[in-house]
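Taking it in order: structure first as structure tokens, then the write-up.
Both ligands and their constituent atoms are indexed starting at 1 by order of listing. Along the sequence shown, the residues carry numbers beginning at 1.
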Amino acid sequence: MLTQSTGNSTQEIYESFSADDTFELGLRFGKETAPGTVITLEGDLGAGKTVFAKGFAKGLGISEHVTSPTFTIMQIYDEGRIPLYHYDAYRIEDPEEMEEIGYTDYFYGDGVCLIEWAGNIEEFLPEHITKISVDRDNDKGFDYRRITVTKI
Ligand SMILES: Nc1ncnc2c1ncn2[C@@H]1O[C@H](COP(=O)(O)OP(=O)(O)OP(=O)(O)O)[C@@H](O)[C@H]1O
Ligand SMILES: [Mg+2]
């Protein structure tokens with residue numbers, strides 16, 4: 001996996017050449033991420049957001065199997081170094097639901113939130129987040145992904 005910094009200290013770009021690379025990057029972030037961090041995962045269907053989340057969970061010390069919480073919207077994993085709140089907002093029809101259920105409370109807690117399809121609940125996101133975008137580039141091959149990490 002290649003790392004490229006953009007001269008801008010708040011943004012890093014990684015090049016992933018396989019699902020394993022993306023898992024490994026997730027693992028690294030899972031080891032380092034501080035409590036209270038909210039990470040959004042952007043990217044098309046099948047881009048690799050959940051692969052990243054699986055690596056991240058392992059980095060936190062979670063051995064439980066992590067899957068896309070598509071139908072439950074949010075899944076809690078609390079056997080790691082800090083709690084992981086894994087969201088998948090793909091199927092959210094009414095973003096207000098998030099607040100009504102109390103799911104947005106975790107954004108201000110002591111765990112880490114990983115949010116797939118965060119664009120669907122944009123209005124509820126905190127001011128400071130880490131945005132991770134997983135993007136294909138067809139010219140660079142089927143398994144290539146450019147992973148851009150931006151701290152806001
Ligand atoms: N470089 C790569 N990084 C991540 N996944 C890759 C890569 N190359 C191929 N893949 C494959 O792409 C798929 C990514 O699936 P994943 O479930 O992580 O996507 P997703 O972004 O979570 O999709 P969804 O929006 O449906 O939740 C996996 O089958 C994985 O093996
Ligand atoms: Mg997913």
Please list, one pair per line, the donor and acceptor atoms closer than 3.5 Å that link side chains of residues 104-112 to other protein atoms, with sequence neighbours excluded.
none

Quick check on contacts: which atoms of ligand 1 are under 4.0 angstrom from a heavy atom of [X]?
{"X": "R145", "result": "1 (N), 2 (C), 3 (N), 6 (C), 7 (C), 8 (N), 9 (C), 10 (N), 12 (O)"}
{"X": "D44", "result": "21 (O)"}
{"X": "D143", "result": "1 (N), 2 (C), 7 (C), 8 (N), 9 (C)"}
{"X": "A47", "result": "4 (C), 5 (N), 19 (O), 20 (P), 21 (O)"}
{"X": "W117", "result": "25 (O)"}
{"X": "E116", "result": "22 (O), 27 (O)"}

Considering just N/O/S atoms, say which atom of E116 is closest to the Mg ion (ligand 2).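 The E116 atom nearest to the Mg ion (ligand 2), restricting to N, O or S, is OE1.
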Below 3.5 Å, can you tabulate the donor-acceptor pairs from side chains in residues 45-59 to any protein atom, sequence neighbours excluded?
unit_1 : atom_1 : unit_2 : atom_2 : d
K49    : NZ     : G43    : O      : 2.8
K49    : NZ     : D44    : O      : 2.9
T50    : OG1    : S68    : OG     : 2.9
T50    : OG1    : E116   : OE1    : 3.0
T50    : OG1    : E116   : OE2    : 2.7
K54    : NZ     : V66    : O      : 2.6

Going by heavy atoms, is Y90 under 4.0 Å from ligand 1?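 Checking ligand 1 against Y90, which is what was asked, there is no heavy-atom contact under 4.0 Å.
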Taking non-hydrogen atoms only, is L45 closer than 4.0 angstrom to ligand 1 via side chain, backbone, both or neither?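 Both backbone and side chain of L45 come within 4.0 Å of ligand 1.
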Using a 4.0 Å heavy-atom threshold (strictly under), name the region of F23 that reaches ligand 1: side chain, backbone, both or neither.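 No part of F23 comes within reach of ligand 1.
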Hey, is R145 close enough to D135 for a salt bridge, meaning N to O under 4.0 Å?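 Salt bridge: no.
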Any Lys/Arg nitrogen of K140 or E15 sitting under 4.0 Å from an Asp/Glu carboxylate oxygen of the other?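 Salt bridge flag = yes for E15 with K140.
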Can you tell which of G48, G55, G26, G46 gets a heavy atom nearest to atom 12 (O) of ligand 1?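 It is G46 whose heavy atom sits nearest to atom 12 (O) of ligand 1.
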Measure from atom 30 (C) of ligand 1 to every heavy atom in S18, A19, S16 and give the option owning the shortest one.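 Looking at heavy atoms only, the winner is A19.
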Give yes or no for whether the N/O distance cutoff of 3.5 Å, strictly under, is met between V51 and ligand 1.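 N/O-N/O distance below 3.5 Å exists for this pair.
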Report yes if Y144 has an N/O atom closer than 3.5 Å to an N/O atom of ligand 1; otherwise report no.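 No; every N/O pair is 3.5 Å or more apart.
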Heavy-atom donor-acceptor pair, N120 side chain to A89 backbone, under 3.5 Å: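 Yes.
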Whether T37 side chain and T33 backbone form a donor-acceptor pair below 3.5 Å: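 No, T37 side chain to T33 backbone: no donor-acceptor pair under 3.5 Å.
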Let me confirm one number: the CG-CE distance from L84 to M74, rounded to the nearest 0.5 Å.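 The distance works out to 9.5 Å.
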Distance (rounded to the nearest 0.5 Å) between C113 SG and L41 CG: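 CG of L41 is found 11.5 Å from SG of C113.
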Please confirm if an N, O or S atom belonging to Y90, backbone or side chain, lies less than 2.8 Å from the Mg ion (ligand 2).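 Coordinating: no.
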Would you call the rings of Y90 and W117 parallel, tilted or perpendicular if under 30° counts as parallel and over 60° as perpendicular?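 The rings of Y90 and W117 sit tilted, inter-plane angle from 30° to 60°.
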Which atom pair, heavy atoms only, marks the closest approach of L60 to G30?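 Of all heavy-atom pairs spanning L60 and G30, the closest is CD2-O, 3.3 Å.
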